[in-house]
Amino acid sequence: MYKVLIVLHEGDDYIRMNKVYIESMPVAGQYIIHTDGLPYYVEEVTTFVGYVSSKGAIAIVVVHPAPKDSAVNKLYGVDIERDLDDPEYNKK
């Protein structure tokens with residue numbers, strides 16, 4: 001598991017979204033579905049080589065919202081909480 005900081009790039013602004021754990025490191029050009037259930041385009045991934053932090057993040061993933069007409073927005077009616085979350089790990 002990798003702990004990364006997700007940063008939203010909107011216009012000229014960079015806005016910190018949150019820290020998340022991911023199974024595999026994304027690469028620029030990929031789409032990711034964030035914890036808010038929305039798709040984002042990965043613009044850049046910056047890793048901290050040899051950097052040790054008490055906060056634990058090892059990379060910054062810069063994303064921007066996927067265009068409304070992109071295919072990733074038509075994920076067959078997927079509801080992240082209902083369809084993808086594993087109830088074994090996400091008990092309420």
Side-chain angles (χ1 to χ4, degrees):
M1 287 287 230
Y2 302 104
K3 188 175 187 180
V4 301
L5 175 63
I6 304 288
V7 173
L8 178 64
H9 185 193
E10 285 248 78
D12 293 332
D13 295 327
Y14 289 88
I15 305 160
R16 176 188 166 144
M17 289 175 73
N18 62 353
K19 288 184 190 160
V20 296
Y21 285 98
I22 56 175
E23 290 283 335
S24 59
M25 191 64 71
V27 296
Q30 279 185 325
Y31 289 98
I32 62 170
I33 304 297
H34 192 46
T35 54
D36 59 7
L38 300 174
Y40 292 90
Y41 180 79
V42 177
E43 190 175 305
E44 185 176 353
V45 178
T46 304
T47 57
F48 306 121
V49 177
Y51 177 74
V52 178
S53 166
S54 62
K55 304 285 184 191
I58 65 153
I60 296 174
V61 178
V62 180
V63 300
H64 62 258
K68 298 291 182 201
D69 60 348
S70 65
V72 74
N73 277 307
K74 301 177 181 117
L75 287 175
Y76 315 107
V78 171
D79 177 319
I80 298 299
E81 287 187 2
R82 182 192 70 221
D83 300 330
L84 297 181
D85 276 352
D86 190 337
E88 178 181 336
Y89 296 103
N90 297 307
K91 295 179 182 176
K92 292 189 177 192

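Counting begins at 1 with the first residue of the sequence.
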Beyond-backbone contact of [X] with [Y], side-chain heavy atoms, under 4.5 angstrom:
{"X": "His64", "Y": "Glu10", "result": "no"}
{"X": "Lys19", "Y": "Val4", "result": "no"}
{"X": "Val63", "Y": "Pro26", "result": "no"}
{"X": "Val42", "Y": "Tyr31", "result": "no"}
{"X": "Val20", "Y": "His34", "result": "yes"}
{"X": "Val61", "Y": "Tyr40", "result": "no"}

(message) Before you tell me yes or no, could you show the steps for Val62 and Tyr14 under side-chain contact (heavy atoms from CB on, under 4.5 Å), namely the whole-Å CA-CA distance, both residues' side-chain angles and the distance that decides it to 0.1 Å?
(response) CA-CA 8 Å; Val62 180; Tyr14 289 88; 3.8 Å; yes
(request) Check whether any side-chain N or O of His9 sits under 3.5 Å from a backbone N or O of Gly11 as a donor-acceptor pair, and report yes or no. (result) yes
(message) Going by the rule side-chain contact (heavy atoms from CB on, under 4.5 Å), which residues pair with Phe48 if we only count those two or more places apart in sequence or in a different chain?
(response) Tyr51, Ile60
(message) Is it the case that atom OH in Tyr2 sees more than 12 heavy atoms from other parts of the structure closer than 6.0 Å?
(response) no
(request) Measure across Met25 and Ile58 and return the closest heavy-atom pair with its distance rounded to 0.1 Å. (result) CE-CD1, 3.7 Å
(request) Nearest 0.5 Å please: distance from the CD1 atom of Ile6 over to the CD1 atom of Ile22. (result) 6.5 Å
(request) Output the distance between atom CG (Leu5) and atom CG (Asn18), rounded to the nearest 0.5 Å. (result) 8.0 Å
